[in-house]
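All remarks here apply to the structure that follows.
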Amino acid sequence: MTPEEKITQSNGEIPVSQNMVCLTLPIKVLCYGSNVVTNHSYLHAIATPSPIPSAIFQYTLDGCGEFIQKRKKNDLPPGTAILVQTPSSCICQQHPDYASYHFVYFKIQGEAAMQIVEQIVKRFSNVLSFSKNSKCIRMLCQHINQLRASDKPFNVYAESSFAYEFLIALWNEHFSETSPTSDQIPESLERAIAYLEKHLSNPMLDIAALAKEANISKCYFTRLFRKFYGTSPRKYLLSRRLEIAMQMLINNRECLLKDVIEKCGFSTEAYFCYAFRRMYRKSPGYIKKLSP
């Protein structure tokens with residue numbers, strides 16, 4: 001699975017508190033959500049009337065969707081998303097030839113948001129493609145996982161800040177000539193990432209081993225990795241391990257902590273709990289209680 005597929009399987013919408021709706025912000029998040037459709041019942045006509053323009057970003061994690069605009073159909077496989085201003089005559093639905101459609105989405109309003117959305121859509125259309133290690137997709141999935149794990153009220157100001165950061169990352173990935181795509185990422189880095197994914201459970205996996213797999217020096221590997229993935233190899237490795245840990249904990253209440261630690265390549269329980277709490281702001285034990 002690619003990193004963005006590690007979104008928590010919990011479905012449904014995370015709405016903003018109603019007493020915050022009246023606030024006027026340059027960018028305002030209305031809700032986040034995720035959904036897994038398996039019976040072809042999903043059909044979203046993006047035409048919700050509103051006196052204030054809004055936009056929806058919807059990214060495919062697994063399966064396939066279908067986007068219909070002016071009788072033209074676009075497939076929405078993993079790695080693609082729609083970005084649409086509402087109301088619109090567009091329709092999004094589960095692809096009739098696929099057994100499932102798993103997606104994550106969020107809705108935004110605000111003058112600043114609409115300006116950025118309009119420019120992106122004008123240049124690239126409503127259907128966007130992303131590399132398998134897209135920074136902004138990783139940001140969104142990780143953020144939704146954190147929201148689901150938190151018992152704090154939806155903070156409209158913090159979400160406005162996140163939405164702005166996300167839109168800028170989205171802008172950079174599509175407008176910057178140096179932004180990474182699957183074609184631009186050097187083969188040496190792709191080998192290192194494949195090696196990392198295969199050996200995540202090895203607590204001895206380190207940057208030196210990844211640099212060796214890439215057949216370049218450790219120093220140059222670190223600089224090259226940061227250029228294409230927007231973070232250090234060490235932080236990337238830790239983030240991937242914690243994402244897998246979150247997935248294991250929230251999907252299986254019966255899983256033992258020692259099995260999670262072993263599967264995710266942590267050397268000690270103390271460090272795992274520290275890193276997990278620092279990233280998700282909750283203990284592993286708390287997350288287990290949320291699992292079905």
Side-chain angles (χ1 to χ4, degrees), residues 1-20 28-36 57-62 81 102-108 133-166 169 200-201 230-231 234-266 268-292:
M1 280 189 171
T2 54
E4 65 268 17
E5 291 178 285
K6 298 301 180 181
I7 182 70
T8 300
Q9 292 293 322
S10 300
N11 300 324
E13 196 162 272
I14 306 173
V16 61
S17 300
Q18 290 303 305
N19 61 350
M20 295 290 193
K28 181 166 62 178
V29 179
L30 301 181
C31 66
Y32 296 93
S34 59
N35 202 358
V36 181
F57 177 87
Q58 185 163 305
Y59 178 83
T60 304
L61 296 169
D62 195 16
H102 181 191
F103 58 89
V104 62
Y105 65 91
F106 79 121
K107 300 177 183 178
I108 53 176
N133 291 294
S134 164
K135 177 183 177 181
C136 63
I137 297 302
R138 176 178 291 277
M139 283 172 55
L140 180 59
C141 291
Q142 181 176 311
H143 190 69
I144 290 179
N145 274 340
Q146 290 174 338
L147 286 174
R148 291 209 182 279
S150 175
D151 55 2
K152 294 181 179 179
F154 189 105
N155 186 318
V156 69
Y157 301 107
E159 298 315 316
S160 177
S161 177
F162 170 79
Y164 181 77
E165 184 181 0
F166 174 85
L200 274 173
S201 61
T231 188
R234 193 178 306 280
K235 288 182 179 180
Y236 182 95
L237 174 58
L238 177 60
S239 176
R240 289 292 294 116
R241 284 173 164 162
L242 290 171
E243 286 169 358
I244 293 175
M246 168 65 85
Q247 191 75 7
M248 292 180 67
L249 290 168
I250 206 163
N251 286 336
N252 184 5
R253 181 180 295 179
E254 303 303 320
C255 71
L256 299 176
L257 193 59
K258 68 180 185 64
D259 294 334
V260 176
I261 293 171
E262 181 179 348
K263 176 72 174 179
C264 300
F266 288 94
T268 68
E269 180 179 337
Y271 178 65
F272 166 67
C273 292
Y274 165 78
F276 191 95
R277 184 183 288 275
R278 185 174 182 182
M279 180 171 180
Y280 292 113
R281 305 189 191 98
K282 295 294 179 182
S283 70
Y286 178 88
I287 299 301
K288 283 186 67 176
K289 294 178 182 178
L290 301 179
S291 61

Between Leu238 and Met279, does the side chain to side chain contact (heavy atoms under 4.5 Å, CB included) criterion hold? Intermediate values first, please.
CA-CA 10 Å; Leu238 177 60; Met279 180 171 180; over 6 Å; no
Side chain to side chain contact (heavy atoms under 4.5 Å, CB included) for Met246 and Gln146? Distances and angles first, verdict last.
CA-CA 10 Å; Met246 168 65 85; Gln146 290 174 338; over 6 Å; no
Audit row: Ser34, Leu61, side chain to side chain contact (heavy atoms under 4.5 Å, CB included) steps and yes/no:
CA-CA 10 Å; Ser34 59; Leu61 296 169; 5.8 Å; no
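Taking every heavy atom of both residues into account, Ala275 and Leu242 meet most closely at O-CD1, 3.7 Å. Residues Ile144 and Tyr105 approach most closely at CD1-O, 4.3 Å, considering heavy atoms.
Applying the side chain to side chain contact (heavy atoms under 4.5 Å, CB included) rule to Ser283 yields the partners Arg277, Tyr286; only residues at least two apart in sequence or on another chain are considered. The side chain to side chain contact (heavy atoms under 4.5 Å, CB included) search around Tyr164 returns Ile27, Ile168, not counting sequence neighbours. Qualifying side chain to side chain contact (heavy atoms under 4.5 Å, CB included) partners for Tyr274, counting only residues two or more places apart in sequence or in other chains: Tyr271, Arg278. Checked against salt bridge (Lys or Arg N to Asp or Glu O under 4.0 Å), Lys135 has no partners two or more places apart in sequence or in another chain.
Interatomic distance, NE2 of His102 versus OG1 of Thr60, reported as 10.0 Å (0.5 Å rounding). If you take CG on Asn35 and CD on Gln58, they are separated by 8.5 Å, rounding to the nearest 0.5 Å. Summarising the geometry, atom CG belonging to Leu30 is positioned 10.0 Å from atom CZ belonging to Phe106; distances are rounded to the nearest 0.5 Å. Atom SG of Cys136 is separated from atom CG of Leu140 by 8.0 Å, given to the nearest 0.5 angstrom. Interatomic distance, CZ of Phe272 versus CZ of Arg241, reported as 11.5 Å (0.5 Å rounding).
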Side chains of residues 256-264: which donor-acceptor pairs under 3.5 Å do they make with residues two or more places apart or in other chains?
none

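Taking the six-membered ring for Trp, His143 and Tyr32 have ring centres closer than 6.0 Å.
Using a 30° and 60° split on the angle between ring planes, Phe57 and Tyr59 fall in the parallel class, below 30°.
Between Ser239 and Arg138, the closest side-chain pair of non-hydrogen atoms falls below 4.5 Å.
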